[in-house]
*Asks:* 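Below you'll find the structure I mean.
Computed over heavy atoms, backbone and side chain alike; hydrogens, waters and symmetry mates excluded. Protein chains get the first letters and strands the later ones, always in sequence-line order, with residue 1 at the start of each. Nothing here was measured: the structure is a model prediction, and the numbers come from that model.
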Amino acid sequence: MPELPEVDIVKQGLAPILTGALIERVILNRNGLRLPFAANFAQRLSGQKVIHVGRRAKYLLFTLSSSEVLLSHLGMTGNFRFAQPDPQTGEIKTGFQKHDHVIFELSGTDAPAPFLVYSDPRRFGFMELVEDIETCKFLVGLGPEPLGNALTAASLAEQLHRRKAPIKATLLDQRVIAGLGNIYVCEALHRAAIDPRTRSCDLAATPGTPGPALESLVLQIRLVLNEALQAGGSTLKDFRKVDGGGGYFQHRFFVYDREGEPCLNENCKGTITRIVQSGRSSFYCPECQNT
DNA sequence: ACTTTGACCTGTGCGC
DNA sequence: TGCGCACAGGTCAAAG
């Protein structure tokens, strides 16, 4: 599901509620998600206060009073919501749904309900408790945040100039830029008029030097992510904001999931085409994406 | 060293 | 109505 804008929207929804909250206890309804839960995962969280809620790439980072960090990746279908106990019995488990895997009972916060529920039908997400995020294997090696100052056309050119893989595949590589996924890569390439099949190295004029297309690409990546953030993210099926509402950026896609429909660029008569690159759908306009 | 494929899961939508 | 297949926002290990 969630790419950088969606994960950030979740962070924005959770941060004001969770910061300062006490985790009374944690209930696990299975042994793990994509990865097994760490030993004593629930016990280690219980009694801790949440000090800070942050994000790096597509990871949510909950800093705890022990200075450990709870790291949460939403995979394709992970989401958080607040829930009430069953009004009849007060039971925590009743009234919850099939794919509610982790339940946090909170106190010391004016949350809309006392239980924070992590649900994830496909279980591609995972949670990990890490002592030191500086050396954490999930975070080391991640590329720059696309909305931060570390990403520049020159820094991207440095990454691209020796890669022969299509630019589409390279932009999905979290070591190159951290946080992009299939939707926003397709959209950014369209806005920058770059064919997704273009060899990455062909966008770097000389080693470390961006050509004009690369300057445009960096700009358009930033623009599309910011617009999606403004719109509350993209809700296809599973993505929900913490308050249960959906984002609406999906109504502003120029290419994603628009196979066979007309290109929306003014003066372009092209038809959006779907191809498969490294096993994933790429949507693009063969007429105006010709760099 | 590089790139593509398959695997991990469940749900949904489509064609027959 | 039901069945089977293709496909889905992500990532990793394995195979080419």
*Asks:* For the pair made of CG in A:Leu171 and C1' in C:dG9, what is the distance, rounded to whole Å?
*Replies:* 16 Å

*Asks:* How about A:Phe138 and A:Phe126: are their ring centroids closer than 6.0 Å?
*Replies:*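 Aromatic pair counts; centres sit under 6.0 Å.
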
*Asks:* Using the C1' atoms only, state how far C:dG9 lies from B:dT3, rounded to an integer number of Å.
*Replies:*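 After rounding to an integer number of Å, I get 23 Å for this pair.
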
*Asks:* If the P atom of B:dC9 is compared with that of C:dC3, how far apart are they to the nearest Å?
*Replies:* 24 Å

*Asks:* Would you tell me if any nitrogen or oxygen in the side chain of A:Lys58 comes within less than 4.0 Å of OP1 or OP2 on C:dG9?
*Replies:* no

*Asks:* Is there ring stacking between A:Phe124 and C:dT11, where the centres must be under 5.5 angstrom apart and the planes under 30 degrees?
*Replies:* no

*Asks:* Is the A:Phe253 ring parallel, tilted or perpendicular to the A:Phe249 ring (thresholds 30°, 60°)?
*Replies:* perpendicular

*Asks:* Determine the contact category for A:Tyr184: base if any of its heavy atoms lies under 4.0 Å from a base atom, sugar-phosphate if only primed atoms, P, OP1 or OP2 are that close, otherwise nothing.
*Replies:* nothing

*Asks:* So which nucleotide does B:dG13 pair with, by the Watson-Crick or G-U wobble rule with both distances under 3.5 Å?
*Replies:* C:dC5

*Asks:* Taking the side chain of A:Lys98 as its heavy atoms from C-beta onward, which of B:dG11, B:dT3, B:dC9 lies nearest to it?
*Replies:*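 It is B:dG11.
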
*Asks:* Between A:Arg274 and A:Arg280, who's closer to the 5' end of DNA chain C by nearest nucleotide?
*Replies:* A:Arg274

*Asks:* May I have the distance from A:Lys241 (atom NZ) to C:dG9 (atom P), rounded to whole angstrom?
*Replies:*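 Checked: the NZ to P distance equals 22 Å.
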
*Asks:* Output the rounded distance in Å from CG (A:Asn182) to P (C:dT11).
*Replies:*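 For the pair A:Asn182 CG and C:dT11 P, the rounded distance is 11 Å.
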
*Asks:* Kindly say whether A:Ile17 contributes a backbone atom to a donor-acceptor pair with the side chain of A:Thr109 at under 3.5 angstrom?
*Replies:* yes

*Asks:* Can you tell me how far P of C:dC12 sits from CZ of A:Arg175, to the nearest Å?
*Replies:*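 For the pair A:Arg175 CZ and C:dC12 P, the rounded distance is 10 Å.
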
*Asks:* What's A:Arg34 touching, base or sugar-phosphate or nothing? Going by heavy atoms closer than 4.0 Å.
*Replies:*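 Here A:Arg34 touches the bases of the nucleic acid.
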
*Asks:* Taking 4.0 Å as the cut-off, does a side-chain nitrogen or oxygen of A:His73 come that near to OP1 or OP2 on C:dT11?
*Replies:*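 It does, given that an N or O in the side chain of A:His73 lies less than 4.0 Å from OP1 or OP2 of C:dT11.
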
*Asks:* For a quick test of reading the model: is some side-chain N or O of A:Gln174 closer than 4.0 Å to OP1 or OP2 of C:dT11?
*Replies:* yes

*Asks:* A:Arg197 CZ to B:dT4 P: how many Å, rounded?
*Replies:*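 Rounded to whole Å, this separation is 14 Å.
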
*Asks:* Which of parallel (below 30°), tilted (30 to 60°) and perpendicular (above 60°) describes A:Phe80 and A:Phe62?
*Replies:* perpendicular

*Asks:* Nearest to the side chain of A:Ser278 - B:dT4, B:dT3, B:dG11?
*Replies:*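 Nearest to the side-chain atoms of A:Ser278, counting from C-beta on, is B:dT4.
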
*Asks:* Atom NE2 of A:His99 to atom C1' of B:dT12: distance rounded to whole Å?
*Replies:*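 Rounding to the nearest Å, NE2 of A:His99 and C1' of B:dT12 are 12 Å apart.
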
*Asks:* Parallel, tilted or perpendicular, judged at 30° and 60°: which one describes the rings of A:His101 and A:Tyr118?
*Replies:* tilted

*Asks:* What is the distance, rounded to the nearest whole Å, between atom OH of A:Tyr59 and atom C1' of C:dG9?
*Replies:* 15 Å

*Asks:* Quickly work out the A:Leu236 CG to B:dT12 C1' distance and round it to whole Å.
*Replies:*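 Rounded to the whole Å, the gap is 13 Å.
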
*Asks:* Counting only side-chain N and O atoms of A:Ser281, is one of them less than 4.0 Å from OP1 or OP2 of C:dA8?
*Replies:*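 It does, given that an N or O in the side chain of A:Ser281 lies less than 4.0 Å from OP1 or OP2 of C:dA8.
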
*Asks:* Establish whether the base of B:dC9 is bridged to the side chain of A:Arg122 by a donor-acceptor pair shorter than 3.5 Å.
*Replies:* yes

*Asks:* Would you say CG of A:Asp132 has more than 12 non-hydrogen atoms from neighbouring residues, nucleotides or ligands within 6.0 angstrom?
*Replies:*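 Above 12, so yes.
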
